[in-house]
Engineer: 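Starting off with a structure, shown below.
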Amino acid sequence: MAKTTKAKTAKAKAPQTKAAKARPATGKKKPAARDKRPAKRPAATATPLVLEHDMFAVMPGELVTVLDFLRFAVSRFAEAGVVFAHGTTDPIAEAAFLIGEALHLHPDQFEMFATARVTLGEAEVILDLIAARIATRLPAAYLVNKIYMRGVPFYVDERVIVPRSFIGELLDTHFDGGDTSLIGDPAEVERVLDLCTGSGCLAILAARAFPFATIDAVDLSRDALDVAARNVADHQLGDRITLHNGDLFAPLGDTRYDLIITNPPYVDAEGMDNLPDECLAEPAMAFDGGDDGLDIVRRILAEAKDHLTEAGGLLCEIGRGRGLIEAEFPHLPLLWLDSEDSEGEVFWIAAADL
């Protein structure tokens, strides 16, 4: 009986199964069931990828944000013994400058984007600049062909010394027409002379400080004047700044000025013999001030009076030669001006006291 029952049951089910298989085609496919499970990530490679570089190998995830690259650069600069004397005075400022340029950020924007993530392409540019700074010992400004003074960008290359004068700051703090100003109304300054202009940065900052003044800028180097001409054009000041090739006052005739500013060569012989590698990349003539560093400063002091108006004055940077100048010219009432990063390296003297 058991076998008979099983047979009957099988027969009863069979027609139902066949009928289902014989169902006519409709031309439509039954949609596949939707898989609600999250998609699986590709399996990690056995060997982690490395950001290839001639000098550095950085694993993914090790450097992520702008601040990460800043810390990395500071560590590498300290490890390599890089010297800072070209617009930045420490590894943090130097690293921030290079990273900012790689990311097309103005220095004032660095803090704003410090926690932003860096793309792979940007990371490669940053690491290239860090490596080049260490390997070549070139000033950072030469690597990116740019320097900022008072937040204003200037083009630079090996034809000019990297601008780092304190005079730019002093024009803002002591020539603004305020209570401590060394002149009256800046708007009344008519003529300004920039001796040893180099890249033309001080002449351009003077044009900004004295909006109605015309500026003459002089340099002995034709190469430097080519760079200055580019900066003057970039800042659209060709109608106010005239560049002169010559030795100090020689190309100016008897023109007189309300203000003479100058950052002449003032490194002494010992200093020239001990310049760091970074400075050796700059034009030697922009540094060499003779045995005691004051050969050119003496000439400027001797000739300036003949090129100043009665109410005019001379603003001159001399580095660390204050003691020598005061000993040699005790009769001159030099006023020493300090900046954020200097003390007693720039003097002012009125025309009447020369």
Engineer: Within the 4.5 Å heavy-atom criterion, are Phe210 and Leu259 side-chain neighbours or not?
Structural biologist: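 In short, these two side chains touch, coming nearer than 4.5 Å.
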Engineer: How about Leu315 and Ile167: do any of their side-chain heavy atoms sit closer than 4.5 Å?
Structural biologist: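 Result yes, sub-4.5 Å side-chain heavy-atom pair found.
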Engineer: With hydrophobic residues grouped by side-chain heavy-atom distances under 4.5 Å, do Leu202 and Val192 end up in a single group?
Structural biologist: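 As far as the 4.5 Å side-chain criterion goes, Val192 and Leu202 are connected within one cluster.
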Engineer: With Arg150 as the cation and Tyr148 as the aromatic partner, state whether NZ or CZ is under 6.0 Å from the six-membered ring centre and within 45° of the axis.
Structural biologist: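 No, Arg150 and Tyr148 do not form such a contact.
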Engineer: In the structure I gave you, are the side-chain heavy atoms of Phe72 and Ile130 within less than 4.5 Å of one another anywhere?
Structural biologist: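 They are in side-chain contact.
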Engineer: Which atom names give the shortest non-hydrogen contact between Trp348 and Gly312, and what distance separates them?
Structural biologist: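 Closest approach of Trp348 to Gly312: CH2-C, 4.5 Å.
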Engineer: What's the spacing between Asp338 CG and Phe166 CZ if we round to 0.5 Å?
Structural biologist: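 Atom-to-atom, Asp338:CG and Phe166:CZ are 10.0 Å apart.
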Engineer: Counting only N and O atoms by type, is there a donor-acceptor contact under 3.5 Å from the side chain of Lys146 to the main-chain atoms of Tyr155?
Structural biologist: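 No; zero donor-acceptor contacts below 3.5 Å.
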Engineer: Heavy-atom count around Gln109 CD within 6.0 Å, excluding the residue itself: above 12?
Structural biologist: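 Count over threshold, so yes.
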Engineer: For residues Ile215 and Thr242, determine if any side-chain heavy atom of one lies less than 4.5 Å from a side-chain heavy atom of the other.
Structural biologist: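 With C-beta onward as the side chain, the pair stays apart.
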Engineer: Flag yes if more than 12 heavy atoms outside Glu326 fall under 6.0 Å of its CD atom; otherwise flag no.
Structural biologist: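 Buried by this count: over 12 neighbours within 6.0 Å.
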Engineer: Show every salt bridge (charged side-chain N to carboxylate O under 4.0 Å, His left out) that has at least one partner inside residues 157-170, sequence neighbours left out.
Structural biologist: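 Those involving residues 157-170 are Asp157-Arg159, Arg164-Glu282.
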Engineer: Look at the side-chain heavy atoms of Ile, Leu, Val, Met, Phe, Trp and Tyr, link any pair under 4.5 Å apart, and say whether Val66 and Leu98 land in one connected group.
Structural biologist: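 Val66 clusters together with Leu98.
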Engineer: Nearest 0.5 Å please: distance from the OH atom of Tyr266 over to the CG atom of Asp288.
Structural biologist: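 Here the rounded value is 13.5 Å.
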Engineer: Can you tell me if Ile92 has over 12 outside heavy atoms packed within less than 6.0 Å of its CD1?
Structural biologist: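 At most 12 heavy atoms, drawn from other residues, nucleotides or ligands, come within 6.0 Å of this atom.
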Engineer: Would a 4.5 Å heavy-atom cut-off, applied to side chains only, mark Asp219 and Asn245 as touching?
Structural biologist: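 SC-SC contact between Asp219 and Asn245 ruled out.
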Engineer: Does Asp273, at its CG atom, have more than 12 non-hydrogen atoms belonging to other residues, nucleotides or ligands within less than 6.0 Å?
Structural biologist: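 Buried by this count: over 12 neighbours within 6.0 Å.
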Engineer: Would a single hydrophobic cluster contain both Ile261 and Met149, if residues Ile, Leu, Val, Met, Phe, Trp and Tyr are joined by side-chain heavy-atom contacts under 4.5 Å?
Structural biologist: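 As far as the 4.5 Å side-chain criterion goes, Ile261 and Met149 are connected within one cluster.
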Engineer: Taking the side chain from Asp247 and the backbone from Ala250, do they hold a donor-acceptor pair closer than 3.5 Å?
Structural biologist: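 No; judged by distance alone, with no hydrogens or angles, the pair does not exist.
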Engineer: Can you tell me how far CE of Met285 sits from CG of Asp223, rounded to the nearest 0.5 angstrom?
Structural biologist: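 Atom-to-atom, Asp223:CG and Met285:CE are 9.5 Å apart.
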Engineer: Stepwise, does the salt bridge (Lys or Arg N to Asp or Glu O under 4.0 Å) test hold for Glu328 with Arg298?
Structural biologist: CA-CA 10 Å; Glu328 187 170 343; Arg298 289 186 182 92; 2.8 Å; yes
Engineer: Ignoring hydrogens and geometry, is there a side-chain-to-backbone donor-acceptor pair from Asp68 to Thr65 under 3.5 Å?
Structural biologist: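 Yes; judged by distance alone, with no hydrogens or angles, the pair exists.
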Engineer: Determine, stepwise, if the pair Arg320 / Asp268 fulfils salt bridge (Lys or Arg N to Asp or Glu O under 4.0 Å).
Structural biologist: CA-CA 10 Å; Arg320 297 172 183 155; Asp268 60 24; over 6 Å; no
Engineer: Quick check: does any side chain N or O of Asn145 sit under 3.5 Å from a backbone N or O of Val156, one acting as donor and the other as acceptor?
Structural biologist: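 Side chain of Asn145 to backbone of Val156: a pair is present.
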Engineer: How many angstroms lie between CG in Leu170 and CZ in Phe175, if you round to the nearest 0.5 Å?
Structural biologist: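 If we round to the nearest 0.5 Å, Leu170:CG and Phe175:CZ are 7.0 Å apart.
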Engineer: For the atom pair CZ (Arg76) and CG (Leu127), what is the distance rounded to the nearest 0.5 Å?
Structural biologist: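 Between Arg76 CZ and Leu127 CG, I get 10.5 Å after rounding to 0.5 Å.
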Engineer: Could you tell me whether a side-chain N or O of His106 sits under 3.5 Å from a main-chain N or O of Asp108, the two making a donor and an acceptor?
Structural biologist: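 Such a contact is found between His106 side chain and Asp108 backbone.
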Engineer: Answer whether the closest heavy-atom distance between the side chains of Leu182 and Leu337 falls below 4.5 Å.
Structural biologist: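 Heavy-atom side-chain distance check passes, below 4.5 Å.
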Engineer: Heavy-atom distance under 4.5 Å between the side chains of Leu63 and Val118, does that happen here?
Structural biologist: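 In short, these two side chains do not touch, never coming nearer than 4.5 Å.
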Engineer: Starting from Leu237, can I reach Val160 by hopping between I/L/V/M/F/W/Y residues whose side chains sit under 4.5 Å apart?
Structural biologist: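 Yes, Val160 and Leu237 fall within the same hydrophobic cluster.
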Engineer: Where do Leu205 and Gly168 come nearest, in terms of heavy atoms and distance?
Structural biologist: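 That closest heavy-atom pairing would be CD1-CA, 3.8 Å.
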Engineer: Are the side chain of Asp258 and the backbone N or O of Arg191 linked by a donor-acceptor pair below 3.5 Å?
Structural biologist: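 It does hold such a pair.
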Engineer: Within a strict 4.5 Å, meaning less than it, do heavy atoms of the Val218 and Pro251 side chains meet?
Structural biologist: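 Result yes, sub-4.5 Å side-chain heavy-atom pair found.
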Engineer: Hey, is the main chain of Val83 close enough, under 3.5 Å, to the side chain of Glu278 for a donor-acceptor pair?
Structural biologist: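 At least one qualifying donor-acceptor pair exists.
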Engineer: Taking atom CD of Glu270 and atom CG of Leu275, what is their separation to the nearest 0.5 Å?
Structural biologist: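 It is 11.0 Å, given to the nearest 0.5 Å.
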Engineer: What pairs with Ser75 under side chain to side chain donor-acceptor pair (under 3.5 Å), at least two apart in sequence or on another chain?
Structural biologist: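 By the side chain to side chain donor-acceptor pair (under 3.5 Å) rule, Ser75 matches Arg71.
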Engineer: Do Phe84 and Phe287 belong to the same hydrophobic cluster, where Ile, Leu, Val, Met, Phe, Trp and Tyr are linked whenever their side-chain heavy atoms lie under 4.5 Å apart, directly or via other members?
Structural biologist: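 In one cluster: no.
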Engineer: Where the side chain of Asp216 meets the backbone of Asp194, is there a donor-acceptor pair that is under 3.5 Å apart?
Structural biologist: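 No; judged by distance alone, with no hydrogens or angles, the pair does not exist.
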Engineer: Give a yes or no answer on whether the side chain of Arg299 reaches the backbone of Leu248 with a donor-acceptor pair at less than 3.5 Å.
Structural biologist: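 The answer is no, because no donor-acceptor pair under 3.5 Å joins these two groups.
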Engineer: Between Arg133 and Glu94, is there a salt bridge with N-O shorter than 4.0 Å?
Structural biologist: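 So Glu94 pairs with Arg133 through a salt bridge.
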Engineer: Looking at every heavy atom in both Pro163 and Ser199, which two are closest together, and how far apart are they?
Structural biologist: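 Nearest heavy atoms, Pro163 then Ser199: CG-OG, 3.3 Å.
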Engineer: Salt-bridged, Glu345 to Arg322, with N to O below 4.0 Å?
Structural biologist: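 Looking at Glu345 and Arg322, the cut-off is not met.
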Engineer: If you count the non-hydrogen atoms of other residues, nucleotides and ligands that lie under 6.0 Å from CG in Asp254, is the total more than 12?
Structural biologist: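 Open.
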Engineer: Is the gap between the ring centers of His307 and Phe249 under 6.0 Å?
Structural biologist: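 Yes - the distance between ring centres of His307 and Phe249 falls below the 6.0 Å cut-off.
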